[in-house]
Trainee: 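The structure under discussion is supplied below as structure tokens; questions concerning it will follow.
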Amino acid sequence: MTDTAAFRPFETMLDRDTALHRLSEATAGADDGELFLERRQSEALVFDDGRVKTASFDAAQGFGLRAVRGEVSGYAHSSEISEPALTRAVETARLAVGDGGGTMAPPPPRTNRHLYTDADPIAGAEFPVKLETLREIDDFARSLDPRVVQVTATLAASHQEVVILRPDGTEVSDSRPMTRLNVSVIVDQDGRRESGTAGGGGRVGLDGLIDPADWQAKAHEALRIALVNLRAEPAPAGVMDVVLGPGWPGILLHEAIGHGLEGDFNRKGSSAFAGLMGQRIAAPGVTVLDDGTIPDRRGSITVDDEGTPSGKNVLIEDGILVGYMQDRQNARLMGVDPTGNGRRESYAHAPMPRMTNTYMLGGDADPADIVADLKDGIYAVGFGGGQVDITNGKFVFSCTEAYRVQNGKVGAPVKGATLIGDGATALQQIRALGNDMALDPGMGNCGKQGQWVPVGVGQPTVMIGGLTVGGSAAG
């Protein structure tokens with residue numbers, strides 16, 4: 001049963017004056033610190049192979065207390081929001097401050113901006129309506145093609161409410177909805193089985209996602225991808241030019257260079273882009289932003305998890321490195337301003353520099369012309385998982401939908417293609433930018449040091465020269 005009353009911890013669980021006193025004790029002589037309080041409720045329904053497979057609801061709340069002195073951060077957290085728990089946490093957080101001597105950083109600027117609804121999305125539709133919607137998706141997807149042998153539909157919603165108290169008494173709150181609908185199908189033809197998945201959502205209510213017009217389009221797209229894979233041939237192997245489609249393929253940008261532009265990796269010198277501020281790191285015309293201010297997007301945040309308003313931050317401008325993503329601690333240590341990128345998975349985690357919605361701006365080329373200029377390579381429009389080494393930017397990504405292109409003609413789909421390269425080289429080898437920049441449909445999660453946060457990606461159609469394509473067929 002979702003709790004629809006607003007999260008007001010200083011009215012119901014903890015005296016505000018007492019909390020402020022304890023926070024002041026923990027941060028006396030520190031450079032920064034805050035008390036982060038959170039309540040989160042989440043629900044997930046999975047309809048698989050004609051029946052309900054999972055119906056889960058989870059509720060959690062707690063606080064995290066942080067004291068920062070120089071490069072050291074003391075952090076303590078508890079699922080019990082009470083004065084005794086906070087008093088115990090002070091002792092742990094205080095260890096980072098030592099003898100003190102720090103100068104408390106000023107509080108973040110305030111904002112009146114509001115990027116998404118306050119409404120609890122879990123309460124946005126009755127439970128029977130959600131189940132019936134999933135049943136209808138199952139029936140509809142099976143009716144589209146007799147080759148469909150299995151359908152999985154997932155509907156998920158969560159509501160995160162946070163209150164951030166700073167030692168000077170500044171208090172910031174945010175109410176963050178999140179919804180997502182996914183449809184996966186498996187098709188069978190002559191004993192060969194292939195799958196396709198489509199989905200999306202954002203910081204919106206459930207109304208749009210349970211609208212038949214929305215989920216029917218997702219079912220059609222999942223089936224289309226499955227049928228494409230059904231006729232896919234083994235992917236070629238070798239070094240070749242690659243054209244990436246718009247939108248979700250920006251996940252390669254996110255992983256290959258996004259993490260490398262987070263401030264902590266650069267301050268510590270572990271990023272491939274460390275020490276390159278003001279230098280050319282990408283082909284002319286390449287501009288990359290991280291923007292947490294786009295209304296209703298999955299990666300957007302009105303304020304970050306330190307209370308700093310999110311920003312529209314330019315990272316690469318016309319190929320030149322002009323900025324990193326920063327939280328408060330790292331920004332202070334590097335002598336720059338915070339950028340609103342201090343994020344944490346939950347109250348049990350300390351914040352760190354993280355991406356929000358990271359995307360590459362479009363150019364002026366016609367996407368069809370970009371593909372037509374591809375003499376011998378791969379046109380990749382869908383991606384699955386990938387791995388990246390932050391220290392050198394080397395990446396490996398698997399394609400979920402890709403096509404062989406020869407002499408500008410899009411040929412058969414290919415299966416088992418992986419793209420191998422490194423972010424720094426790939427940026428320099430961008431040869432064309434389409435005029436079709438698009439954001440992903442709202443399905444990204446990003447992991448860093450064991451913490452997961454929702455993110456968005458985007459890009460136009462892009463041609464990159466000289467990537468290594470791993471496949472099972474001769475090149």
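As the structure is a computational prediction, the values presented were derived from the model and not from experiment.
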Trainee: Give the C-alpha distance, both sets of side-chain angles, the deciding distance and a yes or no for side chain to side chain donor-acceptor pair (under 3.5 Å) between Ser175 and His159.
Mentor: CA-CA 7 Å; Ser175 177; His159 189 214; 2.7 Å; yes
Trainee: Would you call Arg166-Asp32 a salt bridge at under 4.0 Å N-O?
Mentor: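 Salt bridge flag = yes for Asp32 with Arg166.
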Trainee: Are Gln150 and Asp48 close enough, and set up right, to give a side chain to side chain donor-acceptor pair (under 3.5 Å), and what steps lead you there?
Mentor: CA-CA 8 Å; Gln150 185 169 339; Asp48 182 60; 3.2 Å; yes
Trainee: Would you find a donor on one side and an acceptor on the other, under 3.5 Å apart, between the side chain of Ser271 and the backbone of Gly260?
Mentor: yes
Trainee: Could you pull out all residues at least two apart from Pro460 that satisfy side chain to side chain contact (heavy atoms under 4.5 Å, CB included)?
Mentor: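 Pro460: side chain to side chain contact (heavy atoms under 4.5 Å, CB included) contacts with Met360, Leu433, Asp436, Met437, Val462.
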Trainee: Quick check: does any side chain N or O of Ser270 sit under 3.5 Å from a backbone N or O of Phe265, one acting as donor and the other as acceptor?
Mentor: yes
Trainee: Where do Leu252 and Phe383 land on the side-chain contact (heavy atoms from CB on, under 4.5 Å) test, with the steps shown first?
Mentor: CA-CA 8 Å; Leu252 189 149; Phe383 283 92; 4.2 Å; yes
Trainee: Give a yes or no on whether the backbone of Asp318 and the side-chain of Thr287 come within a donor-acceptor separation of less than 3.5 Å.
Mentor: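 Pair found, side chain donor or acceptor close to backbone of Asp318.
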Trainee: Return the set of residues passing ring pair (Phe, Tyr, Trp, His ring centres under 6.0 Å) with His259 (not counting sequence neighbours), or none when no residue passes.
Mentor: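 His259 satisfies ring pair (Phe, Tyr, Trp, His ring centres under 6.0 Å) with His254 once adjacent residues are dropped.
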Trainee: For the backbone of Arg354 and the side chain of Asn341, can you confirm whether one donor and one acceptor N or O come within less than 3.5 Å of each other?
Mentor: yes
Trainee: I'd like to know if the side chain of Asn229 reaches the main chain of Ser195, judged simply by a donor and an acceptor atom lying under 3.5 Å from each other, with no hydrogens or angles considered.
Mentor: yes
Trainee: Excluding sequence neighbours, so at least two apart, what forms side chain to side chain contact (heavy atoms under 4.5 Å, CB included) with Asp296?
Mentor: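 So Asp296 forms a side chain to side chain contact (heavy atoms under 4.5 Å, CB included) with Tyr116, Val204.
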Trainee: Would you say the side-chain atoms of Asn330 pair up with the backbone N or O of Gly263, donor to acceptor, closer than 3.5 Å?
Mentor: yes
Trainee: Can you run down the ring-ring contact (aromatic ring centres under 6.0 Å, His included) pairs that involve residues 197-237, sequence neighbours left out, and say none if there aren't any?
Mentor: Phe140-Trp215, Phe140-His220
Trainee: With sequence neighbours left out, which residue pairs that include part of residues 142-154 fulfil the salt bridge (charged side-chain N to carboxylate O under 4.0 Å, His left out) condition?
Mentor: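 Every salt bridge (charged side-chain N to carboxylate O under 4.0 Å, His left out) pair that includes a residue of residues 142-154, provided the two are not neighbours, is Asp49-Arg142, Asp138-Arg142, Asp145-Arg147.
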Trainee: Does Gln329 reach the main-chain N or O of Gly70 with its side chain, forming a donor-acceptor pair under 3.5 Å?
Mentor: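 A pair under 3.5 Å: yes.
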Trainee: Would you confirm whether Ser184, through its side chain, and Thr197, through its main-chain N or O, come within 3.5 Å as a donor-acceptor pair?
Mentor: no
Trainee: Quick one, Ile281 and Ile316 - any side-chain contact, counting heavy atoms below 4.5 Å?
Mentor: yes
Trainee: Tell me, which pairs form a salt bridge (charged side-chain N to carboxylate O under 4.0 Å, His left out) where one or both residues lie in residues 194-214, sequence neighbours left out?
Mentor: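 Salt bridge (charged side-chain N to carboxylate O under 4.0 Å, His left out) check on residues 194-214 returns Arg192-Glu194, Glu194-Lys415, Asp214-Lys218.
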Trainee: Can a side-chain donor-acceptor contact be found between Arg113 and Ser310 if the only test is distance below 3.5 angstrom?
Mentor: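 Yes, side-chain donor-acceptor contact under 3.5 Å.
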Trainee: Please find the pair of heavy atoms, one from Leu289 and one from Leu361, that lie closest to each other, and give the distance.
Mentor: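 Result for this residue pair: CD1-CG, 3.6 Å.
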Trainee: Quick one: does Val303's side chain get under 4.5 Å of Arg110's, heavy atoms only?
Mentor: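 SC-SC contact between Val303 and Arg110 ruled out.
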Trainee: Please name the residue in the list Val381, Asp440, Leu439 that meets the side-chain contact (heavy atoms from CB on, under 4.5 Å) test with Trp248.
Mentor: Asp440
Trainee: Do NZ/NE/NH1/NH2 and the carboxylate oxygens of Arg344 and Glu34 come within less than 4.0 Å?
Mentor: yes
Trainee: The criterion is side chain to side chain contact (heavy atoms under 4.5 Å, CB included); which residues satisfy it with Asn357, sequence neighbours excluded?
Mentor: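 Listed in chain order: Ile294, Arg297, Ser300.
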Trainee: Between Thr356 and Arg343, does the side chain to side chain donor-acceptor pair (under 3.5 Å) criterion hold? Intermediate values first, please.
Mentor: CA-CA 9 Å; Thr356 58; Arg343 306 188 66 189; 5.8 Å; no
Trainee: Applying side chain to side chain donor-acceptor pair (under 3.5 Å) to Ser158 and Ser42, what does each step give before you reach the verdict?
Mentor: CA-CA 4 Å; Ser158 67; Ser42 58; over 6 Å; no
Trainee: Considering only residues two or more places apart or on different chains, which pairs with a residue in residues 316-351 satisfy ring-ring contact (aromatic ring centres under 6.0 Å, His included)?
Mentor: none
Trainee: Which pairs, with at least one residue in residues 446-456 and sequence neighbours excluded, count as a side chain to side chain donor-acceptor pair (under 3.5 Å)?
Mentor: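 Listed by first then second residue: Glu262-Lys448, Asp264-Lys448.
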Trainee: Can you name the side-chain hydrogen bond (donor to acceptor under 3.5 Å, both in side chains) partners of Asn445, sequence neighbours left out?
Mentor: Arg298
Trainee: When you measure from the side chain of Glu221 to the backbone of Gln216, do you find a donor-acceptor pair of N or O atoms at a distance under 3.5 Å?
Mentor: no
Trainee: Which pairs pass salt bridge (charged side-chain N to carboxylate O under 4.0 Å, His left out) with one or both residues in residues 364-389, sequence neighbours excluded?
Mentor: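 Passing the test, one end in residues 364-389: Asp376-Arg404.
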Trainee: Among residues at least two apart in sequence or on other chains, which ones pass side chain to side chain contact (heavy atoms under 4.5 Å, CB included) with Ile370?
Mentor: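 In terms of side chain to side chain contact (heavy atoms under 4.5 Å, CB included), with neighbours along the sequence ignored, Ile370 is linked to Val243, Ala365, Ala432, Thr461, Met463.
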Trainee: Minimum heavy-atom separation for Pro121 and Thr179, please, with both atom names.
Mentor: CB-CG2, 3.5 Å
Trainee: May I ask you to decide if Val162's main-chain N or O and Asp174's side chain share a donor-acceptor pair within less than 3.5 Å?
Mentor: no
